[in-house]
Amino acid sequence: MRSESEHTSYADEDEELEDWPVSEPATPSRRHLSDYDDEDEDLLAPDEPSQGFATHTSFDAYFQQNAKPSRTSSNVFSALVPPLTPEEYAAVLSKLQADPRERDRVLWRDPKTRRACFRRFKTELHEGFNLLMYGYGSKREFLNAFAKDLARTGGHVVVANGFQPSFAFKDLLAGIERVPGVLDGPSSSSSSGMDAQVQRIHAFFSTEDAPDLYIVIHTIEGNAFRAPKNRAALALLALAPHIHVVASTDHIASAQRWSLSELFARKAEPSPASEQPEPNSRTGVVPSRGFAWLWHDLTTLAPYDFELAYADPTSLTGAAALRGAKTPAASAAAVAAAAGGGGGGASGALVTETAARHVLASVTSKAKKLFVLLGSKQLEVMDASSSDAQKEGEGAAAAPEHAYDYDRLFAAARDNFVATNDTSLRALLGEFRDHGMVVAAQGAGSEAMWIPMRRDALLKIVGELKAQGHDF
């Protein structure tokens, strides 16, 4: 047992601990806002990084700085300069072509340099590669010269103008089928249309005794080669042993159009004709697809006059200032000036499906019904034409001889309650004439109207409008 003196000493120690002063820890988290004086205002600044557990690093500063919106001005110099009309552009272009110094500014025009490049390109093509030309400037003249050189060697050459809005992928297949012997190959029984054409062409040019075919494509990123089905068909043809593709591209992101397997694919060795399977036969072997591109810098610094002459004016910046101009005739004049020829008719510029959809999306319902009415009458005239030279199959383009008489159009519009008088009809037609979608042609003492579109494109647009309920 503890003695009484020990209990007394413990009690004295407890009294001393209770009398000990207790102070709160002076940490930043326990300080009150009133304790800060004016000199400590910088510590309360919200932009200063915290000095606690989270440290503000340069990594955080980078993202904090880039999270702020960039300040740009909408006052651009191009807005101060009015755009040239197509007529003015054609006049300036003709003056530049007459200047002898203009030819010296374009690269790759030296005959000796071209011959050396042509020999190298032929060697690469025969080694199983396809060539893709990139760089600033029009490459049309250089590739056309290369195509002529290839034709002199005895090979078959097909040139595809992908920059033309009226060009279709089936036009390329039709040109290939003109090669002697292609149509004599076996046809597929399980497929039809374009698939059967592609399979037949691929099978023909995969044999040992097949001739060499060179496909020269201007602007491979054109509308005709953007569809996935067309791109897959071209990838199949490009790996045929006797098909060699030479194409040009001007898009900055053209390398993203193809996968790695398509870029680095290689052609197979040609097989004997006896061992060649029929198109789409169930052999279990899937033909490889790809392009096996070799990229070449072909910077020419040549203007894109011929390519841009076919561009839709309504899709260009500043087109609102050009609505008073006759765009089809102006575009045809620009084409003639770029080609170095004179003259040109309105039939040289055709309206694309994309341009037609943009215009039809901004017009009234009555205007759409009038377009369906005129398009249907024009298709009837084109179908009733008995001349194969005028029709040329499904891909035939509309011509002035297929124009529909204005008086009959007015009568049909009045009977279908589209326009009750001449003023309202001309007002509806004016919306399309301003964009070049409807052209007036003077006949024998009367006025006729027609839509400058390919037959298949016009048939598709009219069908889409009818499906939307704009039938007359």
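Treat the numbers as computed from the prediction; the structure is a model and nothing was measured. When reading the values below, keep in mind they use all heavy atoms of this one structure, side chains included, and skip hydrogens, waters and symmetry mates. If you read the sequence from its start, that first residue is 1, and numbering goes on from there.
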### Task
Answer whether the closest heavy-atom distance between the side chains of F129 and F291 falls below 4.5 Å.
no
### Task
Using a 4.5 Å cut-off on heavy atoms from C-beta on, say whether the side chain of L143 contacts that of V159.
no
### Query
Going by an N to O cut-off under 4.0 Å, is there a salt bridge joining E353 and K460?
yes
### Message
Can a donor-acceptor pair be found, under 3.5 Å and without considering hydrogens, that links the side chain of N416 to the backbone of A412?
### Response
yes
### Task
Kindly assign one of parallel, tilted or perpendicular to the pair F371 and F432, based on the angle between their ring planes and the thresholds 30° and 60°.
tilted
### Query
Checking ring pair (Phe, Tyr, Trp, His ring centres under 6.0 Å) for the pair H296/F121: CA distance, chi angles, key distance, verdict?
CA-CA 10 Å; H296 286 278; F121 293 162; 4.9 Å; yes
#### Entry: L213 vs V158 side-chain heavy atoms within contact, under 4.5 Å
yes
### Message
Given 3.5 Å as the limit, does a donor-acceptor pair link the side chain of T153 with the main chain of L150, or not?
### Response
yes
### Message
Apply salt bridge (Lys or Arg N to Asp or Glu O under 4.0 Å) to residues R357 and E464 and explain how you reach the verdict.
### Response
CA-CA 10 Å; R357 292 190 182 97; E464 292 177 359; 2.9 Å; yes
### Task
Determine which pairs satisfy salt bridge (charged side-chain N to carboxylate O under 4.0 Å, His left out) with at least one residue from residues 113-122, sequence neighbours left out, and list them in order.
R120-E124, K122-D149
### Task
Using the test side chain to side chain donor-acceptor pair (under 3.5 Å), find all partners of Y134 that sit at least two apart in sequence or belong to another chain.
none
### Task
Taking the side chain as every heavy atom from C-beta outward, state whether L132 and W258 have any atom pair closer than 4.5 Å.
yes
### Message
Quick one, H126 with H244, criterion ring pair (Phe, Tyr, Trp, His ring centres under 6.0 Å). Give me CA distance, side-chain angles, the key distance, then yes/no.
### Response
CA-CA 8 Å; H126 293 147; H244 313 284; 5.6 Å; yes
Could you pull out all donor-acceptor pairs under 3.5 Å where a side-chain atom in residues 217-227 meets a protein atom, sequence neighbours excluded?
{"residue": "H218", "atom": "NE2", "partner": "N144", "partner atom": "OD1", "Å": "2.9"}
{"residue": "E221", "atom": "OE1", "partner": "T249", "partner atom": "OG1", "Å": "2.9"}
{"residue": "E221", "atom": "OE2", "partner": "D250", "partner atom": "N", "Å": "2.9"}
{"residue": "E221", "atom": "OE2", "partner": "H251", "partner atom": "N", "Å": "3.3"}
{"residue": "N223", "atom": "OD1", "partner": "R226", "partner atom": "NH1", "Å": "3.3"}
{"residue": "R226", "atom": "NE", "partner": "E221", "partner atom": "O", "Å": "2.9"}
{"residue": "R226", "atom": "NH2", "partner": "E221", "partner atom": "O", "Å": "3.4"}

### Task
May I ask you to test the M194-V198 pair for a side-chain heavy-atom distance under 4.5 Å?
yes
### Query
Could D305 and R140 be called an ion pair, given the rule that one side-chain N must be under 4.0 Å from one carboxylate O?
no
### Task
Taking only Lys NZ, Arg NE, NH1 and NH2, and the carboxylate oxygens of Asp or Glu, determine whether K112 and D110 approach each other closer than 4.0 Å.
no
### Side-chain touch L374/V438, heavy atoms, less than 4.5 angstrom
yes
### Query
Looking only at atom types and distance, does a side-chain atom of W450 sit under 3.5 Å from a main-chain N or O of Y404, one as donor and one as acceptor?
no
### Query
Do the non-hydrogen side-chain atoms of V372 and K466 ever get within less than 4.5 Å of each other?
yes
### Task
Check the side chains of Y136 and D297 for a donor-acceptor pair under 3.5 angstrom, ignoring hydrogens and angles.
no
#### Entry: Contact check, side chains of I201 and L237, non-hydrogen atoms, under 4.5 Å
yes
### Query
Just by modelled atom types, is the T207 backbone N or O under 3.5 Å from a matching donor or acceptor in the H242 side chain?
yes
### Query
Using a distance-only test with no angle check, is there a side-chain donor-acceptor pair under 3.5 angstrom linking T352 and T354?
no
